[in-house]
Amino acid sequence: MKIKYFAWIKDITKKDYEFIEKDFPRNINELKKNLNTMYPDLEKHIMSDILRFAINKEYVSENSEIKSTDEIAIFPPVSGG
Amino acid sequence: MKIKYFAWIKDITKKDYEFIEKDFPRNINELKKNLNTMYPDLEKHIMSDILRFAINKEYVSENSEIKSTDEIAIFPPVSGG
Amino acid sequence: MIKIQKKEFNIEKEIKIIKDQYSSVGAVNTFVGYVRDINNNRDVKFLDLEVYKEMAIKELSKIKDNAVDKWSLIDCLIIHRYGRLHINEKIVLVACFSEHRNDSFEGCKFIMDYLKKDAPFWKKEFYNEESSWLQNTS
Amino acid sequence: MIKIQKKEFNIEKEIKIIKDQYSSVGAVNTFVGYVRDINNNRDVKFLDLEVYKEMAIKELSKIKDNAVDKWSLIDCLIIHRYGRLHINEKIVLVACFSEHRNDSFEGCKFIMDYLKKDAPFWKKEFYNEESSWLQNTS
């Protein structure tokens, strides 16, 4: 499972992406819990609900199932255009 | 007094412009009467109120006064853009 | 800037001339109108565009000033061609320069609406063996 | 067509590539966004634009398809740059091609609104001695 980080999320994780190799979270909520543990500074943002999640380049708004082969992206509000 | 004609008005008047040298019409309504006499084929258009008049390159919507030195333009609905 | 001209224009170059003057511009909305191959279900060959030039400059300047005021535009460019124009040729360009995008969109729409209604230009369309003068609808 | 690229683009050339394919196009509305010298009252030096490229292509294609359907567009072009961009540089171009002008205006506005809301791009602005990540407001 590949996890990608963008914009200021990377300032917290200190990396662009990483792989989860075991104990895969089964859904987005489980992944959020894992992230809170891995990156305590991320917790307040995850709790505040401003971050967006995408599974395989598609937005997810609910607590979707995830598979071990999925690419999950976590990012702050966008600012393109 | 210079009178300018545009688009299909010219097909009726057979000219782009002409000068009125005497018996100047004092206002747009008098000019319309003169035009009806000069160009009988124009009358139905003048009566139907679709033509627009400009005095010295400014639209006039009412029966405005005109002076012997004015440039009057008469034209059909526009189709620019 | 108002330009009424026979010759073709380059969108990039025309916008750049204005944009280069203002580092505060963040948004440019541009409308370009072209001669289409079919109009009112008839095959168009070309069109002749007639203009009352001195009045068109006056009228477009007024429309432009109103748009600049109403939508806080930084600047605004209108180019309208006249003479014989063939299919796929550009007829008109309106570009509105503002800090933020909404003003540029609204300004450009406003100018196009009034240009279509009031600017003294007339199109005569030529078909295979006939021609006809057009009239803008609202 | 969707293009996500580092390099500068020429508005005239990009529009011509699409326009040349359709003689039925009578109207092209284009929006171009630029890096401004001042944002939120701060002097901007330059900005770094980050993108989630594969997702941006997917997301912009979806937005484009929706606009084409909703506004009967003949075609549509979106170019978005990424990487380091300096003041006065172009960031984004959206061009909507239609028969009549209203569809091109509405289509372009629709795409810009959704692009600002959903396309995965992030701007980091650099000032004299600081920098900050931006967030689009609605």
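Each chain gets a letter, A, B and so on, in the order its sequence line appears, and its residues count up from 1.
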Please determine if D:R84 forms a cation-pi arrangement with D:F126, meaning its NZ or CZ atom is less than 6.0 Å from the six-membered ring centre and no more than 45° off the ring axis. yes
Got a donor-acceptor contact below 3.5 angstrom from the A:R26 side chain to the A:E65 backbone? no
Would you mind checking which part of D:I91 comes under 4.5 Å of any heavy atom in chain A, side chain (CB onward), backbone (N, CA, C, O), both or neither? side chain
D:E54 versus chain A, heavy atoms under 4.5 Å apart: side chain, backbone, both or neither? both
Are D:K58 and A:E58 ion-paired here, with the side-chain N under 4.0 Å from a carboxylate O? yes
Cut-off 4.5 Å, heavy atoms of chain A, and the answer for D:K117 is backbone
Search all heavy atoms of A:I74 against all heavy atoms of A:F53 and return the closest pair with its distance. CG1-CE2, 3.5 Å
Given that the side chain runs from C-beta out, which part of D:D118 has a heavy atom under 4.5 Å from chain A: side chain, backbone, both or neither? both
Proximity breakdown for D:V94 and chain A, heavy-atom pairs closer than 4.5 Å: neither
Got D:Y52 and A:K57 here, is their nearest side-chain heavy-atom distance under 4.5 Å? yes
Honestly, the part of A:N56 sitting under 4.5 Å from a heavy atom of chain D is backbone
Using non-hydrogen atoms and a 4.5 Å limit, figure out which bit of D:K116 sits close to chain A: side chain, backbone, both or neither. both
Among D:W133, D:W122, D:F31, D:F121, single out the residue with the greatest number of heavy-atom pairs under 4.5 Å to chain A. D:W122
Parallel, tilted or perpendicular, judged at 30° and 60°: which one describes the rings of D:Y114 and D:F110? tilted
